[in-house]
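Heads up, the thing below is written out as structure tokens.
None of the values given here were measured: they were computed from a predicted structure. The first residue in the sequence is number 1, and the count goes up from there.
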Amino acid sequence: MTEKCPHATAEKVPSVTGITSRRLSNRHLPGPPGHLIMGSYPEYAKDRNKFLRDAVRRYGDVVRIKLPLRDLVVIANPEDAHAAMGDTSGDYSKFGNYHPAIAKRQNGLSFIEGELFRERRRIVSPLVTRDGLKSTFHANADAYLASLESNIAAATDADGVTDLQEAIFQTLLRGVLAQTFTEPFTPKEIHDLHDGLSTFTKFLGSTLKIADPPNLVRPWGRYKIRPWAVYSAGKIVRDRVVERQNSPSLGTYNDVLDGMLAGYKKLKTPMTFWDLCFDVATMTSASYGTTAGAITQTVVRTCLAEEAKNRLVEEAGSVDLSKPTIESVRSMHWVKACFEEGMRMQGLPLLLRFTARGANYQGYDIAPNTMLGVPISTIHRDPRWWTDPDVFDPERFYDQSKRVDQPRVLHYLAWGAGPHRCTGAQLGYLIAPYLVALIFSRYKIELPPNWQLVEDPGLAPMIKGGFNVRLTPR
């Protein structure tokens, strides 16, 4: 071990595909021994969050996890996590240090770093913050008011049991489509987009080692997934982009797509039509799945905490939710606190970064082209940083005088950190508390006897088997 990383001045080491084997690197790092070929994947896949928490407790804040194809190095100290995710030099990336020949064909916003990324981000960010925040919020709120009741009806079976998780996902999707495209979609298009975006999220989660791949062949079950679902959703997005580009009203829609098309024309570095479509699809997917998952978690955990639920219902009743404003939503401090605590307890296993030149964490040298994992749920449940971390306690986000978990900026990573921090965080802090308040103000939620929360991990951790409840209008 050295105080200074010997790789600091090294050249970037590209891999051919970004996922090639690094099993011979970082052998000096502590970690579970694993199996010869599969490494620790069987134990990791069984319960990712428990495995990571146990590994950090046993081996420390830098842990090598042996996995098939490529090992993972976990960095569990919040300061190290911010150093990796906050780097602006381009030496860290989200999806790997691709070979230059491949990198030229991977110019979507999620795949780029450095100045090219910052230039693109400066176009996208204002669309869901600052000047664009009001219009995007109202587009979402109007969609929720118009579709929540029908989405709940569609998710209710003949016995009167509602999969509230499915209703939330469908409602969020309509809001995202309204903020991005303005023009209405047919029921079939909405079905295909829901199917495709869900499948894409599962694929991406499995690629990033945080979820099992989607089952593409099972013909039964509530969540049927078709192999061509991602293609169908991509085609819908592509057709809408082409239609808008050729529209004589281009520039007058005042939605996210209009802003992206106008802004991308001003880029110093030209981008292809396919990169544009990929960015639109990524913005849609990121705004939809992760937010819907976080809202579902908030509703579930609040239902399981009677006092927190009663306070939320009371506060939601003090606001006219039929005519929401940014100010009225921001006035619901308890609802926001429940949402933040729900996200803290959500079981997101990892956020990945790839280091091109190597690094040094906690005195350990990390080799170039290493896959680093920031264990979000582990940090959010670490008693070093949080008091009673396994208890749902919105008070920790509500009452400033009771905040003993400091400095919070380091330990709370629900939105990520650094240049890739979620672009829509400001919008998320509006639409999520609003929809949570809307649901509790309209319905009494009755859970089945002895119901227990079981998560299905992924980029958007969901409730395994759905959130099946009985709803009674208030």
Side-chain angles (χ1 to χ4, degrees), residues 12 14-19 88-128 132 176-177 179-183 185 189 192-193 196-197 199-201 203-204 207-208 228-253 255-289 352-354 356 419-420 422-424 459:
K12 292 185 179 181
S15 62
V16 176
T17 65
I19 59 171
T88 59
S89 68
D91 288 347
Y92 291 81
S93 64
K94 291 180 69 176
F95 291 100
N97 181 30
Y98 290 85
H99 190 279
I102 295 177
K104 290 179 180 178
R105 293 167 175 80
Q106 297 287 352
N107 283 321
L109 188 60
S110 299
F111 292 94
I112 55 179
E113 302 292 337
E115 182 54 37
L116 183 61
F117 169 80
R118 288 190 287 273
E119 182 189 19
R120 193 92 58 83
R121 176 96 173 196
R122 284 192 290 268
I123 298 297
V124 173
S125 292
L127 304 178
V128 289
V176 170
L177 295 179
Q179 79 177 29
T180 306
F181 297 101
T182 299
E183 304 98 331
F185 287 79
E189 287 177 323
D192 287 349
L193 284 166
L197 294 176
T199 306
F200 176 75
T201 301
F203 267 127
L204 191 57
T207 302
L208 300 179
W228 57 88
V230 176
Y231 170 79
S232 298
K235 185 176 182 301
I236 293 171
V237 172
R238 182 202 65 187
D239 291 346
R240 287 301 176 108
V241 172
V242 171
E243 181 181 323
R244 182 65 65 84
Q245 284 181 320
N246 296 326
S247 171
S249 301
L250 176 64
T252 65
Y253 290 92
D255 58 17
V256 170
L257 180 57
D258 241 22
M260 292 179 73
L261 290 173
Y264 282 4
K265 289 181 179 178
K266 303 175 184 177
L267 292 173
K268 297 178 182 178
T269 306
M271 61 185 298
T272 68
F273 170 76
W274 296 110
D275 288 335
L276 169 62
C277 291
F278 181 84
D279 281 1
V280 174
T282 302
M283 284 280 290
T284 305
S285 178
S287 302
Y288 161 55
L352 297 188
R353 292 294 185 270
F354 293 80
H420 282 285
C422 179
T423 309
L459 273 178

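Between R120 and D279, at least one side-chain N (NZ, or NE/NH1/NH2) sits under 4.0 Å from a carboxylate O, which counts as a salt bridge.
One distance of note links CG of L127 with CG of L257; it measures 10.0 Å at 0.5 Å rounding. For the atom pair L197 CG and Y288 OH, the distance stands at 6.5 Å (nearest 0.5 Å). Note that CG of L267 and CD of E119 are 4.5 Å apart. Values are rounded to the nearest 0.5 Å. To the nearest 0.5 Å, atom CD1 of residue I236 and atom CG of residue D192 are 4.5 Å apart. In this structure, the separation between OH on Y231 and OG1 on T199 is 15.5 Å, given to the nearest 0.5 Å. The distance from atom SG of C277 to atom CE of M260, rounded to the nearest 0.5 Å, is 9.5 Å.
Between R121 and P126, the shortest heavy-atom contact is O-CD, 4.3 Å. Contact detail for G196 and A233: the closest heavy-atom pair is CA-CB, 3.8 Å. Nearest heavy atom pair, residue S247 against residue Y253, reads OG-OH, 3.0 Å.
Taking the side chain as every heavy atom from C-beta outward, Y92 and L352 never approach each other to under 4.5 Å. No side-chain heavy atom of V124 sits less than 4.5 Å from a side-chain heavy atom of V256. By the 4.5 Å heavy-atom criterion applied to side chains, E243 and D239 are not counted as neighbours.
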Working note: T182 + D255, criterion side-chain hydrogen bond (donor to acceptor under 3.5 Å, both in side chains); need CA distance, chi angles, decisive distance, verdict.
CA-CA 6 Å; T182 299; D255 58 17; 2.7 Å; yes

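With hydrogens and angles ignored, the 3.5 Å screen pairs a side-chain donor or acceptor of T272 with a backbone N or O of D275. Between the T180 side chain and the V176 main chain, a donor and an acceptor come within less than 3.5 Å of each other. Checked by atom type and distance alone, the side chain of T284 pairs as donor or acceptor with a backbone atom of V280 at under 3.5 Å.
Qualifying side-chain hydrogen bond (donor to acceptor under 3.5 Å, both in side chains) partners for E115, counting only residues two or more places apart in sequence or in other chains: R118, R122. D258 pairs by the side-chain hydrogen bond (donor to acceptor under 3.5 Å, both in side chains) definition with R244, not counting sequence neighbours.
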